[in-house]
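In what follows, a single structure is set out as structure tokens and then discussed.
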There are 2 protein chains.
Amino acid sequence: MKQPNRTPERADGREPREPREYSIGELARELDITTRTIRFYEDIGLLTPARRGQTRIYSPADRVRLKLILRGKRLGLSLAESRELIDLYNPGTDNNQTQLRALLGKIHEKRSLLEQQLLDIRVMQQELDEAEQRCLNAMQKIHNK
Amino acid sequence: MKQPNRTPERADGREPREPREYSIGELARELDITTRTIRFYEDIGLLTPARRGQTRIYSPADRVRLKLILRGKRLGLSLAESRELIDLYNPGTDNNQTQLRALLGKIHEKRSLLEQQLLDIRVMQQELDEAEQRCLNAMQKIHNK
DNA sequence: GCCCAAGTTGACGTTAACGTAAAGTGCAGC
DNA sequence: GCTGCACTTTACGTTAACGTCAACTTGGGC
């Protein structure tokens, strides 16, 4: 409701169009989660924000990670699964042959999961359409009598 | 591994191609869940199988309900949400005007949820594609040196 | 008659993902 | 210097969705 303009407008020459850093409260408001949640994700190692003194400072990259986690949740992934997925996008630099094979395996695994979800969604959409039709028919009957 | 042929082949004339009823163990094996899970769903009112004495007897309709629940889980729905959805498909016979409006509202709500999931999945698929490419490139480099 | 597999009802335990309350720190404005 | 707000840590509480015994009963096969 109030727009407190929390993004620090610096007095120096360069005005960053998108802020280079975020407070925990900013992220919480923007992503509609609680600060507790964000701190919890840090506790389990999903985020490792910088610190200025005690205060956490989040980079745009941290923000992206958070959004990835939330997208995972929307698809029903556990935090552990989201972590796996994010690790797929950010592979370590120590990729030997066997690790790469494992990565590819996981990627295929996740992909087939997504395929199944696509199927499920399509069927569900159809069923919703039918339910809506039954609903509309029932309303017609009421209106016509 | 073993095929104990649990479906009761009756000696009378009619041979039901798909059995009219299922035991709890059959369903558990077929759907790859535990009997505990099925009983739990009954505890919270998601299933109300018939009984022969003490023993639970599941109808094809019960089996469909169970599959709906499991599909819901694959999409990350809670059991409460799945229950809501199923109720959308099986509306009571006492549909007055306001209830119908509420139903339509819920249907639209679920639909937009599914839309969001579709978007999420599409983006995730792209990201998986990219991750796979990076993976394959890395393997190429190893192979070429 | 005995056994065994599959069923039953409790009851308590467990895990994930946070919620919530307590008690303190840091700083911007008056 | 005080207030207030946003941040911090610590710690215990909570809810959903089952898992895991334990202690039965029941029907079919030998």
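The sequence lines fix the lettering, A, B, ..., with proteins before strands; numbering per chain opens at 1.
The side chain of Y41(B) has dC18(D) as its nearest neighbour among dC18(D), dT8(C), dA17(C). In this structure, the nucleotide among dA17(D), dA17(C), dG19(C) sitting nearest to the side chain of F40(A) is dA17(C). Checking dT8(C), dA17(C), dA17(D) against the side-chain heavy atoms of L79(B) singles out dA17(D) as nearest. Each of dG7(C), dT20(D), dC18(C) was ranked by its minimum atom distance to the side chain of I24(B); first place goes to dG7(C).
Heavy atoms of R51(A) sit under 4.0 angstrom from primed sugar atoms or phosphate atoms, though from no base atom. The residue T35(B) sits apart from the nucleic acid: no heavy atom pair falls under 4.0 Å. Across all strands shown, I44(B) has no heavy atoms under 4.0 Å from either base or sugar-phosphate atoms.
Salt-bridge annotation for K110(B) and E115(B): absent, with no side-chain N of the basic residue lying under 4.0 Å from a carboxylate O of the acidic one. A salt bridge links R111(B) with D129(A): the distance from a Lys NZ or Arg NE/NH1/NH2 to an Asp or Glu carboxylate oxygen falls below 4.0 Å.
Protein atom OH of Y58(A) is 16 Å distant from nucleotide atom P of dA6(D), rounded to whole Å. The CD1-C1' distance, from I38(A) to dT20(C), rounds to 17 Å in whole Å. Look at CG on L77(B): it is 16 Å from P on dA16(D), rounded to the nearest Å. Going from atom CD1 of I57(A) over to atom P of dA6(D) covers 17 Å, rounded to whole Å. E21(A) places its CD atom 13 Å from the P atom of dC7(D), with the value rounded to the nearest Å. Following rounding to the nearest Å, L47(A) (CG) and dA17(C) (P) show an atom-to-atom distance of 14 Å. For the pair R39(A) CZ and dA21(C) P, the interatomic distance rounds to 15 Å; values are reported in whole Å. For the pair D43(A) CG and dT10(D) P, the interatomic distance rounds to 9 Å; values are reported in whole Å.
Here T55(A) does not reach the OP1 or OP2 of dA6(D): none of its side-chain N or O atoms lies under 4.0 Å away. The phosphate of dG7(C) (OP1 or OP2) has a side-chain N or O of S23(B) nearer than 4.0 angstrom. Taking 4.0 angstrom as the limit, K73(B) places a side-chain polar atom (N or O) nearer than this to OP1 or OP2 of dC18(D).
Residue side chain R36(B) reaches the base of dT20(D) through a donor-acceptor N/O pair under 3.5 Å, judged by distance alone.
Across all non-hydrogen atoms, the minimal contact from R134(A) to L88(B) is NH2-O, 4.1 Å.
D120(B) and Q116(B) share a side-chain donor-acceptor pair at under 3.5 Å. Side chain to side chain, E21(A) and Y58(A) fail the donor-acceptor criterion of an N or O pair below 3.5 Å.
Between Q54(A) and E42(B), the residue whose closest nucleotide on DNA chain C is further toward the 5' end is E42(B).
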